[in-house]
Number of protein chains: 2
Amino acid sequence: MDQEIEKTQTKSEIYDEILLAALKLFAEKGYFNTSLTDIVEAAEIKTTSVLYHHFKNKQMIATVLYENIFDSLNVSVDDIRRKNQKSSDQLRGIVDLLFRLTDEASYVMQFLLILKIDEFLPEQKPVLETAAFIKIIKIIQAGINAGEIRNIDPKLCYAYFFGIINSTLRLVLTGAVDKSADTYLSSTWLTAWNAIAKK
Amino acid sequence: MDQEIEKTQTKSEIYDEILLAALKLFAEKGYFNTSLTDIVEAAEIKTTSVLYHHFKNKQMIATVLYENIFDSLNVSVDDIRRKNQKSSDQLRGIVDLLFRLTDEASYVMQFLLILKIDEFLPEQKPVLETAAFIKIIKIIQAGINAGEIRNIDPKLCYAYFFGIINSTLRLVLTGAVDKSADTYLSSTWLTAWNAIAKK
DNA sequence: GTCTATACGCCGATAGAC
DNA sequence: GTCTATCGGCGTATAGAC
């Protein structure tokens with residue numbers, strides 16, 4: 001998925017190590033409970049100097065993570081939209097993706113669903129205003145227009161549908177239930193879709 | 001609601017001012033972005049010494065807020081359980097309460113729904129293990145036993161029902177929609193209840 | 001590009017007079 | 001119980017040699 005990078009502009013392994021270490025720590029302990037020293041240790045580099053050679057400051061590490069995650073999500077949503085016509089199929093694709101990410105990239109999903117991003121990146125767009133989520137609202141709007149989804153405020157519809165999806169994933173991510181997200185996929189999808197589908 | 005306090009053991013007005021100021025600031029900027037100086041200014045007291053005379057440290061302010069809010073919620077849930085027999089009526093009572101709190105005490109609801117409490121109060125119980133929420137799970141279990149609610153894992157059922165409720169309230173609390181929570185009450189209740197009700 | 005050393009600000013917390 | 005003054009430490013960030 002990140003393999004489109006040419007050798008020449010590879011940002012170095014250390015760069016990636018730092019990002020990965022920071023992502024894990026932010027997800028586990030939160031941004032403010034994570035010191036640069038923590039990141040340095042987890043990334044297995046020697047001193048903060050190495051870190052500052054790659055990033056302007058702590059906030060920039062978080063900013064890059066934010067951009068990577070939301071850009072990647074945006075690309076995936078585009079892909080799903082291209083491969084499916086009906087709103088229900090597009091939403092199903094997005095749900096599949098989110099459940100898979102929860103099982104296979106839980107740190108990413110914690111960043112998305114659990115962290116309070118605007119607390120440490122106040123200048124970034126709120127989640128609902130990012131490209132990926134604007135497109136999701138569009139999918140919902142299209143579903144309403146096509147008569148697939150009942151005619152309510154798209155944002156409210158988003159809250160209903162992804163309220164069910166996200167709170168289920170939060171149960172998994174916080175360890176409140178012990179099974180994998182995948183276990184709950186079909187039941188949760190059905191419930192969420194029925195909550196917004198036109199009868 | 002807080003009027004049961006006898007005059008003799010009133011903790012002084014300053015105590016309450018500090019708590020209220022801290023609640024607002026934590027809700028608006030987050031715990032870590034709020035300094036004791038911020039609280040001192042907002043509470044309209046002179047120095048941090050006054051603050052330290054009432055609270056052992058910053059964390060204790062948050063702890064008292066946490067306990068007040070969850071105790072009060074627990075009392076309300078008891079009250080609702082006493083006044084209603086059916087699970088559906090009890091859940092409806094809780095939903096009414098949460099929507100009212102969102103409109104009338106938004107800082108409290110932000111503390112409950114938006115803040116990542118375990119980041120600054122790591123030793124406190126996770127929300128789902130507090131008395132109030134254990135009782136909510138019991139209400140759901142009773143509804144399943146009575147045949148009112150479909151037979152699924154109570155925690156999953158909780159995620160479906162309150163996923164819809166809470167994500168709608170989050171829209172209001174974060175300003176993603178401009179109307180009051182009350183506007184969405186009946187529609188959201190219906191959707192949430194239908195998501196878990198036995199047909 | 002990595003090392004050692006260090007600056008420095010902020011903030012939580014305390015001492016002690018009154 | 002409130003004031004002035006101040007400490008100590010952590011964590012971010014930088015300087016400068018190699």
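None of these values were measured; they are calculated from a predicted model.
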B:Thr47 side chain: which of D:dA13, D:dC3, C:dT2 is closest? D:dC3
Expressed in angstrom and rounded to an integer, what is the separation of B:Ile14 atom CD1 from D:dG1 atom P? 9 Å
Using salt bridge (Lys or Arg N to Asp or Glu O under 4.0 Å) as the criterion, list what pairs up with A:Asp153, not counting sequence neighbours. none
Result block: side-chain N/O donor-acceptor pairs under 3.5 angstrom for residues 173-180 of chain A, not counting sequence neighbours:
from: A:Thr174; atom 1: OG1; to: A:Arg170; atom 2: O; distance (Å): 2.8
from: A:Thr174; atom 1: OG1; to: A:Leu171; atom 2: O; distance (Å): 3.4
from: A:Ser180; atom 1: OG; to: A:Thr183; atom 2: OG1; distance (Å): 3.0

Please tabulate, one pair per line, all N/O donor-acceptor pairs under 3.5 Å involving side-chain atoms of residues 87-94 of chain B, not counting sequence neighbours.
from: B:Ser87; atom 1: OG; to: B:Ile139; atom 2: O; distance (Å): 3.0
from: B:Ser87; atom 1: OG; to: B:Gly143; atom 2: N; distance (Å): 3.0
from: B:Ser88; atom 1: OG; to: B:Glu148; atom 2: OE2; distance (Å): 2.8
from: B:Gln90; atom 1: NE2; to: B:Arg81; atom 2: O; distance (Å): 3.4
from: B:Gln90; atom 1: NE2; to: B:Asn84; atom 2: O; distance (Å): 2.9
from: B:Arg92; atom 1: NE; to: B:Asp96; atom 2: OD1; distance (Å): 3.0
from: B:Arg92; atom 1: NH2; to: B:Asp96; atom 2: OD1; distance (Å): 3.4

A:Tyr160: which residues meet the ring pair (Phe, Tyr, Trp, His ring centres under 6.0 Å) condition with it, sequence neighbours left out? none
The side chain to side chain contact (heavy atoms under 4.5 Å, CB included) partners of A:Ala146 (sequence neighbours excluded) come to none
Once the angle between the rings of B:Tyr31 and B:Phe26 is folded into 0 to 90°, is it parallel (under 30°), tilted (30 to 60°) or perpendicular (over 60°)? tilted
C:dT2 P sits how many Å from A:Lys46 NZ, rounded? 10 Å
Which residues satisfy the salt bridge (Lys or Arg N to Asp or Glu O under 4.0 Å) test with A:Lys138, sequence neighbours excluded? none
Return the value, rounded to whole Å, for the distance between atom OH of A:Tyr52 and atom C1' of C:dG1. 17 Å
Spacing of A:Glu44 atom CD relative to C:dT2 atom C1', expressed in whole Å: 17 Å
Could you give the CD1-to-P distance, from B:Ile39 to C:dA13, as a whole number of Å? 11 Å
Find the distance A:Phe55:CZ to D:dT14:P and express it as a whole number of Å. 16 Å
Each nucleotide N or O in nucleotides 5-11 of chain C that has a protein N or O under 3.5 Å away: list the pair and distance.
none

Heavy atoms within less than 4.0 Å of DNA chain D: which residues of residues 17-33 of chain A have one? Give them sorted by number. none
How far apart are the closest heavy atoms of B:Ala181 and B:Asp103, and which atoms are they? N-OD1, 2.8 Å
Whole angstrom value for the distance that separates C1' of C:dT2 from NE2 of A:His53: 9 Å
According to ring pair (Phe, Tyr, Trp, His ring centres under 6.0 Å), who are the partners of A:Phe111, at least two apart in sequence or on a separate chain? none
Value in whole Å for how far the C1' atom of D:dA13 lies from CD1 of A:Ile61: 12 Å
